[in-house]
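In the text below, chain A, chain B and the rest are named by the order of the sequence lines, each starting its count at 1.
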There are 2 protein chains.
Amino acid sequence: MTVGTIRPGGRTARIRAAVLRAAADALVEHGFDRLDLADVARRAEVGKTTVYRRWGTAAGLVADLLEDMAEQSSPRTDTGSLAEDLRANAELVQRTLTDPRQGALFRAVIVAATCDSRAAEALHRFYAVRIAEWAPCVEQAVQREEVPPGTDAAEVIRAVSAPLYYRLLISGDPVDPATAERAAAAAVAAARAGVYIR
Amino acid sequence: MTVGTIRPGGRTARIRAAVLRAAADALVEHGFDRLDLADVARRAEVGKTTVYRRWGTAAGLVADLLEDMAEQSSPRTDTGSLAEDLRANAELVQRTLTDPRQGALFRAVIVAATCDSRAAEALHRFYAVRIAEWAPCVEQAVQREEVPPGTDAAEVIRAVSAPLYYRLLISGDPVDPATAERAAAAAVAAARAGVYIR
DNA sequence: GCCTTAATGAAACTGGAGTTCCGTTATGAC
DNA sequence: GTCATAACGGAACTCCAGTTTCATTAAGGC
């Protein structure tokens with residue numbers, strides 16, 4: 001139990017990095033439902049016993065991958081205009097979701113999160129970090145009086161992403177740049193109207 | 001191949017109904033990733049060979065279940081006010097997603113859709129039907145000049161649901177009535193601002 | 001009501017995901 | 001450098017989801 005915590009040095013860390021990279025590759029190629037831990041072990045050039053012992057299940061492996069992903073932060077923009085900032089955010093999300101590798105990876109981890117509570121918690125932490133990273137855009141817009149005081153910054157950021165994920169996972173409509181632009185514009189319009197006041 | 005098309009009468013239809021009901025029950029209890037076709041067969045009091053022969057895989061079974069679900073339509077409201085209609089729609093979706101049975105079922109079929117292309121097509125058809133069912137609310141609002149001419153009705157309906165599904169699947173935040181109300185209000189504000197003009 | 005055969009179902013079979021066992025490697029405290 | 005043991009890895013094993021086989025049931029055309 002809790003393998004890799006007493007001697008986390010050299011080999012253990014190297015194996016974790018190799019396995020997480022291999023897991024991401026496998027998720028991109030086959031998706032979460034066809035994730036084979038023996039295949040991941042082969043790709044990482046590691047014994048499959050090691051993968052089963054340290055991560056237990058496919059969902060456990062994805063949960064760890066998500067914690068690793070949460071640590072790599074991507075910086076937000078700061079254009080001085082809420083509409084421009086949210087548009088940049090929407091375009092970033094749009095490009096991520098339509099990128100062959102990133103898009104497939106995100107779909108896979110979202111599936112994992114709906115199947116396993118630890119993966120779900122890791123996914124929620126991941127998005128909490130991303131949302132918190134972009135929230136200052138809205139807070140600054142409040143101070144510039146672009147949107148009403150008391151506007152829930154996190155809720156505005158969520159509102160930008162929501163239509164893109166809805167198309168990706170639910171309706172199957174294309175996640176194109178026009179959709180991103182509309183999502184950002186809608187969030188700005190609603191925020192200005194005071195919809196997101198706490 | 002294509003079993004049940006030459007003699008679709010009595011027994012074949014009865015078995016389909018029993019298996020789909022059993023599949024829904026199993027999906028609610030265990031989720032898509034732990035859906036066992038032998039278990040479904042047992043619940044439906046049907047041979048597991050039959051389930052494997054007619055539906056092949058768990059995803060194929062879900063695809064058929066979704067086609068069955070798409071046929072059962074739920075009527076929209078018509079209050080004479082876009083804000084009220086969209087609010088009713090948001091509350092309907094909110095109640096559906098938080099209902100123990102319906103919520104679990106929807107999560108399961110969404111997962112299935114991200115794992116299998118036939119299930120994905122069935123899910124997209126299902127939502128296309130639901131969205132088309134509610135689009136007249138927006139079209140009538142256009143005629144009442146509540147929102148600008150050329151407003152994309154389907155896109156407004158999608159905008160209402162998107163934040164609810166985003167919370168359910170991505171951020172993990174609660175899908176509560178307040179969120180539903182905000183989602184409807186945001187869609188109205190954005191539509192009035194002309195964001196959804198084609 | 002009769003007959004052809006579509007469709008079902010019980011039982012035996014198979015393959016591979018996940019586990020167990022135990023010898024080997026290399027971490028990190030001294 | 002030395003040593004105790006944390007962590008790894010190959011091989012054999014287990015178990016069950018999914019397949020195959022073939023006898024039984026009943027749909028639907030006449």
Side-chain angles (χ1 to χ4, degrees), chain A residues 1-23 25-27 29-65 108 111-112 115-116 118-119, chain B residues 1-23 25-27 29-65 108 111-112 115-116 118-119:
Chain A
M1 206 160 231
T2 60
V3 196
T5 51
I6 296 171
R7 287 181 186 174
R11 183 169 61 171
T12 297
R14 221 177 311 125
I15 282 181
R16 180 175 182 242
V19 169
L20 292 188
R21 198 173 331 118
D25 290 346
L27 284 173
E29 281 183 39
H30 307 307
F32 177 71
D33 56 314
R34 282 173 205 162
L35 184 64
D36 177 10
L37 297 202
D39 175 51
V40 171
R42 230 173 291 122
R43 288 168 190 256
E45 293 180 311
V46 154
K48 75 166 180 168
T49 316
T50 299
V51 175
Y52 279 107
R53 184 170 31 225
R54 285 188 61 179
W55 290 279
T57 63
L61 180 53
V62 171
D64 194 29
L65 175 62
V111 167
C115 298
D116 178 88
R118 279 172 309 159
Chain B
M1 206 156 236
T2 61
V3 196
T5 52
I6 296 173
R7 287 182 186 173
R11 182 169 62 169
T12 297
R14 221 176 314 123
I15 282 182
R16 178 174 183 245
V19 169
L20 291 188
R21 197 170 337 114
D25 290 345
L27 284 173
E29 280 183 38
H30 307 306
F32 177 71
D33 56 314
R34 282 173 205 162
L35 185 64
D36 178 9
L37 297 202
D39 174 52
V40 171
R42 228 173 292 123
R43 288 168 189 256
E45 293 180 314
V46 155
K48 73 167 182 168
T49 315
T50 299
V51 176
Y52 279 107
R53 186 171 27 228
R54 285 187 60 179
W55 291 278
T57 62
L61 180 54
V62 172
D64 195 29
L65 176 63
V111 167
C115 296
D116 178 89
R118 278 173 310 160

Euclidean distance, atom CZ of residue B:R42 to atom P of D:dC16 [Å, nearest integer]: 11 Å
B:R54 CZ - D:dT19 C1' separation (whole Å): 19 Å
Length of the line joining B:R34:CZ and C:dA17:P, which is rounded to integer Å: 18 Å
Interatomic distance, B:L37 CG vs D:dT19 C1' [rounded to whole Å]: 13 Å
Partners meeting side chain to side chain donor-acceptor pair (under 3.5 Å) with B:D64 (sequence neighbours left out): B:R16, B:W55
Contacts of type side chain to side chain donor-acceptor pair (under 3.5 Å), residue B:R54, not counting sequence neighbours: none
C:dG9 base / B:K48 side chain donor-acceptor hit below 3.5 Å: no
For B:R53, all residues meeting side-chain contact (heavy atoms from CB on, under 4.5 Å), sequence neighbours excluded: B:V3, B:T49, B:T50
side-chain N/O B:Y52 vs D:dG18 OP1/OP2, d < 4.0 Å: yes
Test side-chain contact (heavy atoms from CB on, under 4.5 Å) applied to B:D116 - qualifying residues, sequence neighbours left out: B:A59, B:R118, B:A119
Rounded (10°) bend between the five-pair end axes of the helix from C:dG1-D:dC30 to C:dC30-D:dG1: 60°
A:H30 NE2 - C:dA17 C1' separation (whole Å): 15 Å
Which residue lies more 5' along DNA chain D, comparing A:V46 with B:L35 via nearest heavy atoms: A:V46
Nearest atoms (heavy-atom pairs only) where A:L61 meets A:A23: CD2-CB, 3.7 Å
Test side-chain contact (heavy atoms from CB on, under 4.5 Å) applied to A:A38 - qualifying residues, sequence neighbours left out: A:D36, A:R42, A:K48
Reading 5' to 3' through nucleotides 20-30 of chain C, protein heavy-atom contacts under 4.0 Å coded B for base, S for sugar-phosphate only, - for none: BB---BBBS--
Minimum heavy-atom distance between A:A108 and A:F32, given as atom pair plus value: O-CB, 3.6 Å
Between C:dT8 (C1') and B:R16 (CZ): distance, integer Å: 17 Å
Counterpart residues, side-chain contact (heavy atoms from CB on, under 4.5 Å), relative to B:A26 (two or more places apart): B:L35, B:D39, B:V40, B:R43
Interatomic spacing from CG in A:D25 to CG in A:L20 - rounded to 0.5 Å: 11.0 Å
Nearest-angstrom distance from the residue atom CG of A:D33 to P of C:dA17: 13 Å
